[in-house]
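Inspection log for the structure reproduced underneath, given as structure tokens.
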Amino acid sequence: MRIRRILAAVFATAALAGLGFTGAATAATATATATATATATAGSVTPASVTPTSVTPGECTDGGGMIDRSTPVLPTCRGGMYDGQTVD
């Protein structure tokens, strides 16, 4: 019975604060991500700065390139933002 009252108080406080469970989880994730980003070293590589080793045909054409199928092993994207990347 006491636990029910405590849980009811916690839910009521969260509801009055405008936080749902997904909002609280999102806030916790955003805080953890910001902390991890702030503690990263200056020489580290972030996922946004890594270029993919291969792209899809749609990514090649959407990025302004054309698919060159005359290459020996795999087709290659020519031109655009994925120039020189293999197309799979």
TODO: Working to the nearest 0.5 Å, report the span between CG of D68 and SG of C60.
DONE: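 It is 9.5 Å, given to the nearest 0.5 Å.
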- [ ] Output the distance between atom CD (E59) and atom OG (S54), rounded to the nearest 0.5 Å.
- [x]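 Here the rounded value is 8.5 Å.
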Least distance between heavy atoms, [X] atom then [Y] atom:
X	Y	value
V87	T76	CG2-C, 3.9 Å
I67	P57	CD1-CB, 3.5 Å
G65	C77	CA-SG, 4.1 Å

TODO: Indicate yes or no for a side-chain donor-acceptor contact from Q85 to the backbone of Y82 under 3.5 Å, with no hydrogens or angles considered.
DONE: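 Not confirmed, Q85 side chain does not pair with Y82 backbone.
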Task: Test item: T86 side-chain N/O and P75 main-chain N/O as donor-acceptor pair under 3.5 Å - done: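 No.
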Task: Evaluation steps, side-chain contact (heavy atoms from CB on, under 4.5 Å), between D83 and M66 - done: CA-CA 9 Å; D83 187 35; M66 295 179 60; over 6 Å; no
